[in-house]
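A quick write-up on the structure given underneath.
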Amino acid sequence: MLMKEYRICMPLTVDEYRIGQLYMISKHSCEQSGGGEGVEVMRNESDTHPQYGPGQLTEKRIYLSSKLPSWIKAFVPRFFYVTEKAWNFYPYTITEYSVSFLPKFSIRIETRFENNNGDNDNVFGDTPTPAENVSFLDILSDPIPEKHYKETEDLSCWQSSKTGRGPLEKGWREEHKPIMCSYKRVQCSFEVYGFQTRTEDFIHKNIRDILLVGHRQAVAWIDEWHGLNLEEVREYEHAMQEKTNSKVKSNQNNTGPPAASRPAFSRSISVTDERSLKKMGVTTAAMSDPSASSVPHGPLRLNSTPE
């Protein structure tokens, strides 16, 4: 299992980002959906945890098979999606990802938000992450994939008319007020001989890109969400979820069998694929029951967004 901690600072407060995060995730998910792929929201409901109190449980299906490298496509079924479950007990969240036919695959992300510049070396209050496993991501200067670059989201050019913040300059993390940090402890595992290191490295690279793009967008879009209250941003979230689900389902119906007639995950793998998986030490499994809403206490083999 490969574990890393990412620290991403933003020129916001933790209270502001509670709204900005919800807005960014909803808008970003809608923008990334189309062509039969994207994010379909299955559940978004209140949940209560004995330690963290009231929060929100969200379950999504992420269709992304065409975005996978060829060496992974070789052993995934045609109808492929990842299930994301996120428990939001702001300012602490847990996000897990699962793939039903790969029980040896798991991703777990714990996140805590604090009003500092990333200088808390034991933010989760248990065992500090070794320094060599900690990465600071700079939303100003770290490179992102060219396909995700937009001049309007370039924080060296960004200027907020509502808050007067921006543009960001070199060394901004040491001087900017306000400032907050998103601490993310990411554990990923793919225990298949011959694929483990390659796949875990691939997962972390993509998580890094997603974190950089998402946090840049939350800041760059500040004039769209700043001033909204929680009820208003939840209304926006609901409207965008309906739009996103409609885009995903419409494209799927136009490019393949209707959703109702799609084969179950455990039945969508050909005999050849299944034999190949067994040779690699993978036992196929049916999709776990999505109705369980209790927060898991550790990484689960069948549970795998960074938010």
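Computed from a prediction, not measured in an experiment: that's the story for all the values here.
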Atom of Asn116, atom of Gly118 and distance for their closest heavy-atom approach: OD1-N, 3.0 Å
Residue among His176, Arg173, His215 satisfying side-chain contact (heavy atoms from CB on, under 4.5 Å) with Cys9: Arg173
Residue pair Asp47 / Phe89: nearest heavy atoms and the distance that separates them: O-CE2, 4.0 Å
Heavy-atom donor-acceptor pair, Tyr90 side chain to Val14 backbone, under 3.5 Å: yes
Distance in Å, Cys188 SG paired with Lys4 NZ, rounded so as to fall on 0.5 Å steps: 8.5 Å
Transitive ILVMFWY cluster of Phe136, excluding itself - 4.5 Å side-chain cut-off: Val134
Nearest atoms (heavy-atom pairs only) where Arg216 meets Asp142: NH1-O, 4.5 Å
Glu224: partners by salt bridge (Lys or Arg N to Asp or Glu O under 4.0 Å), with sequence neighbours left out: Lys27
Aromatic plane relationship, Phe113 with Tyr17 - under 30° parallel, 30 to 60° tilted, over 60° perpendicular: perpendicular
Basic-acidic side-chain contact under 4.0 Å: Lys205, Asp209: yes
Residues that Arg7 engages under salt bridge (Lys or Arg N to Asp or Glu O under 4.0 Å), provided they are two or more places apart: Glu5, Asp121
From NZ (Lys184) to CG (Leu211), nearest 0.5 Å: 6.0 Å
Separation of Asn88 CG from Ser46 OG (nearest 0.5 Å): 11.0 Å
Over 12 foreign heavy atoms within 6.0 Å of CD, Glu132: yes
Pairwise distance CD(Gln159) to CG(Leu168) - rounded to 0.5 angstrom: 10.0 Å
Glu110-Tyr92 side chain donor-acceptor pair, cut-off 3.5 Å: yes
same_hphob_cluster(Tyr149, Met24) at 4.5 Å side-chain heavy-atom cutoff: yes
Val248 side chain near Tyr81 side chain, heavy-atom distance below 4.5 Å: no
Non-hydrogen atoms of Leu155 and Leu140 that approach each other most closely: C-CD1, 3.9 Å
Same apolar cluster: Ile8 and Met180, side chain cutoff 4.5 Å: yes
Side chain proximity check, Ile179 to Trp172, heavy atoms < 4.5 angstrom: yes
Minimum heavy-atom distance Ile19-Asn229, with the two atoms named: CD1-C, 3.8 Å
Aromatic ring proximity, centroids under 6.0 angstrom, Tyr236 and Tyr23: yes
Donor-acceptor contact present, side-chain His28 to main-chain Cys30, <3.5 Å: no
Pair Arg234 + Glu237: basic N to acidic O under 4.0 Å: yes
ILVMFWY network linking Ile25 to Leu230, side-chain heavy atoms under 4.5 angstrom: yes
Min side-chain heavy-atom separation Ile222-Leu12 under 4.5 Å: yes
His238 versus Glu242, side-chain donor and acceptor atoms under 3.5 Å: yes
Cluster overlap Ile139 with Ile207, hydrophobic side-chain contacts below 4.5 Å: yes
Test item: Pro178 and Asn115 side chains (from C-beta on) under 4.5 Å apart, heavy atoms: no
Distance in Å, Asn117 CG paired with Glu174 CD, rounded so as to fall on 0.5 Å steps: 5.5 Å
Minimum-distance pair of heavy atoms, taken over all atoms of Ala220 and Glu153: CB-CA, 3.7 Å
Spatial distance of atom CZ (Arg43) from atom OG1 (Thr58) [nearest 0.5 Å]: 9.5 Å
Lys60 (side chain) donor-acceptor with Glu84 (main chain) under 3.5 angstrom: no
Within 6.0 angstrom of Glu169 CD, more than 12 heavy atoms from elsewhere: no
Side-chain donor/acceptor of Asp223 to backbone N/O of Lys162, under 3.5 Å: yes
Flag, side chain of Trp225 to backbone of Ala218, donor-acceptor distance under 3.5 Å: yes
Co-membership, hydrophobic cluster, residues Val41 and Met240, 4.5 Å side-chain: no
Exam field: side chain Arg185 to backbone Met3, donor-acceptor pair closer than 3.5 Å: no
